[in-house]
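The structure appears right after this line, and notes come after that.
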There are 2 protein chains.
Amino acid sequence: MTEAKILLEERGIRPTQQRMAVLRYLRDNRNHPTVDTIYSSLHDRMPSLSRTTLYNTLRLLSSAGLALSLTIEGDEIRFDGDTSDHGHCKCRRCGGVFDFPLPETLPLDLPDGFLGESVHIYAWGTCRRCASLS
Amino acid sequence: MTEAKILLEERGIRPTQQRMAVLRYLRDNRNHPTVDTIYSSLHDRMPSLSRTTLYNTLRLLSSAGLALSLTIEGDEIRFDGDTSDHGHCKCRRCGGVFDFPLPETLPLDLPDGFLGESVHIYAWGTCRRCASLS
DNA sequence: ATTTTTTTTGTAACGGTTACAAATTTAGAA
DNA sequence: TTCTAAATTTGTAACCGTTACAAAAAAAAT
Ligand SMILES: [Mn+2]
Ligand SMILES: [Mn+2]
Ligand SMILES: [Zn+2]
Ligand SMILES: [Zn+2]
């Protein structure tokens, strides 16, 4: 019994081949892939996979709390199989997205009366590799 | 001499009627409008304004540092005439976007060697008005 | 006035996402 | 197993926000 299958069944989601493949991909690849990256990677092993199913599955996983959809920039959505609390930074040169830990308590001065539920933190800059290639 | 005109000229951008109107709108309305919100608002006073000009102008203002483009969620880009350092929170119920101040120094533990340049912080939750209407 | 450059405009194209109905798969009953 | 109903997947077409493009208009230079 695979981990992906268990996670899906725990949430009452039928563990179809497509859903297991997408979830397994997200949990094995922490590269914050786009839809097309996932599609290209899975297409080898699952040639019949359609983009519609991929979109539907990613939305399903997101709403089930099994994945995050990150909108760092408006023109691309990236997905993350790591749903724990963490920040993201994107390299302006190579486009890579990386994780970084957040402090236990982030002192945010939200507007008076605003009930905060979640926070996303995105940083931009230059990653180590690109900085060393300057 | 209007404020918008001065700001544009200071940056070597020709202060056309369209550019001044868009910049004035952004500086007078701190409601983080979408493209269509701006378009609808300006269309009364400037019926000939085209969407293409609006898109071009918003990109011009953003790259000139006179406006911010916020991608809080993937399906809509919002603009902000306040380019100072501040965070944003969005109400899940009414969709409103609000400002909040950021601490002087935010202790972010970026990946080793990553050179951070800017940070965007987005919070989700329920605004005061919507919470009081529960 | 004439020419040149810049900007704006309207239309068409583009690309990512979604809607939809048919085909397939799956689960359960007989 | 075989049949039936429900759920899922698939491929195509539509949708919609954005961008490309060329003509028109406006502004600046000569
Ligand atoms: Mn991540
Ligand atoms: Mn703001
Ligand atoms: Zn890089
Ligand atoms: Zn609200």
Side-chain angles (χ1 to χ4, degrees), chain A residues 1-2 4-5 7-9 11-25 32-64 66-79 95, chain B residues 1-2 4-5 7-9 11-25 32-64 66-79 95:
Chain A
M1 187 85 119
T2 80
K5 188 170 186 177
L7 287 168
L8 290 169
E9 288 179 339
R11 287 163 179 77
I13 300 170
R14 273 199 213 176
T16 64
Q17 292 301 316
Q18 290 85 347
R19 289 167 178 172
M20 285 192 290
V22 174
L23 181 54
R24 204 179 311 125
Y25 179 88
H32 308 91
T34 64
V35 171
D36 277 345
T37 301
I38 303 171
Y39 183 79
S40 302
S41 299
L42 296 182
H43 197 259
D44 294 336
R45 294 175 163 275
M46 189 175 274
S48 75
L49 179 70
S50 75
R51 281 196 158 78
T52 298
T53 297
L54 182 52
Y55 278 108
N56 288 341
T57 300
L58 289 170
R59 178 167 35 200
L60 182 68
L61 295 179
S62 296
S63 63
L66 288 170
L68 297 176
S69 73
L70 310 173
T71 59
I72 300 179
E73 282 170 323
D75 57 352
E76 64 174 14
I77 302 177
R78 286 164 173 265
F79 293 88
Chain B
M1 188 87 119
T2 79
K5 188 171 186 178
L7 288 168
L8 290 168
E9 287 178 340
R11 287 162 179 77
I13 299 171
R14 278 201 208 170
T16 64
Q17 291 301 317
Q18 291 83 350
R19 289 168 179 171
M20 287 192 289
V22 174
L23 181 53
R24 204 177 313 126
Y25 180 89
H32 307 91
T34 64
V35 172
D36 277 346
T37 301
I38 303 171
Y39 183 78
S40 303
S41 298
L42 295 183
H43 198 260
D44 294 336
R45 294 174 161 276
M46 190 175 272
S48 75
L49 180 70
S50 76
R51 280 196 158 78
T52 298
T53 297
L54 183 52
Y55 279 107
N56 288 341
T57 300
L58 289 169
R59 177 165 38 200
L60 182 68
L61 296 179
S62 296
S63 64
L66 289 171
L68 297 175
S69 73
L70 311 174
T71 59
I72 300 179
E73 281 170 322
D75 57 352
E76 64 173 16
I77 302 178
R78 286 164 173 264
F79 293 88

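Protein chains get the first letters and strands the later ones, always in sequence-line order, with residue 1 at the start of each.
Contact of the A:I77 side chain with the A:V35 side chain is not registered, since no non-hydrogen atoms from C-beta on lie closer than 4.5 Å. A 4.5 Å side-chain heavy-atom check between A:D36 and A:R51 finds at least one atom pair inside the cut-off. Contact annotation: the side chain of A:R59 approaches that of A:N56 to within less than 4.5 Å [non-hydrogen atoms, C-beta and beyond].
Distances shorter than 4.0 Å separate none of the side-chain N or O atoms of B:R59 from OP1 or OP2 on D:dT18. The phosphate of C:dT6 (OP1 or OP2) has no side-chain N or O of B:R14 nearer than 4.0 angstrom. In terms of phosphate contacts, A:Y55 brings no side-chain nitrogen or oxygen within less than 4.0 Å of OP1 or OP2 of C:dT18.
To the nearest 0.5 Å, atom CD1 of residue A:I38 and atom OH of residue A:Y25 are 6.5 Å apart.
At a non-hydrogen distance threshold of 4.0 Å, B:S48, B:L49 from residues 38-49 of chain B come into contact with DNA chain C.
At a threshold of 4.0 angstrom between heavy atoms, the contacts of A:T16 are confined to the sugar-phosphate backbone, with no base atom among them.
The side chain of B:T52 lies closest to D:dA20 when the candidates are D:dT10, C:dT17, D:dA20.
Here the shortest heavy-atom pairing between B:L42 and B:A21 reads CD2-O, 4.0 Å. Here the closest non-hydrogen pair linking A:M20 and A:K5 is SD-CB, 3.7 Å. Closest heavy-atom contact between A:L8 and A:P15: CD1-CA, 3.9 Å.
Nucleotide C:dT17 holds its P atom 10 Å from the CG atom of A:L58, rounded to whole Å. Atom CD1 of A:I13 is separated from atom C1' of C:dT26 by 17 Å (rounded to the nearest Å). The nearest whole Å value for the distance from the CG atom in A:N56 to the P atom in C:dC20 is 13 Å. In this structure, CE of B:M20 is placed 10 Å from P of C:dT8, rounded to the nearest angstrom. Straight-line distance from the CZ atom of A:R19 to the C1' atom of C:dT24: 14 Å, rounded to whole Å. Between the P atom of D:dT18 and the CD1 atom of B:I77 lies a distance of 5 Å, rounded to the nearest Å. The separation between A:L60 atom CG and D:dT8 atom P is 8 Å, rounded to whole Å.
Closest-nucleotide positions on DNA chain D for A:Q18 and B:R51 were compared, and the one nearer the 5' end corresponds to A:Q18.
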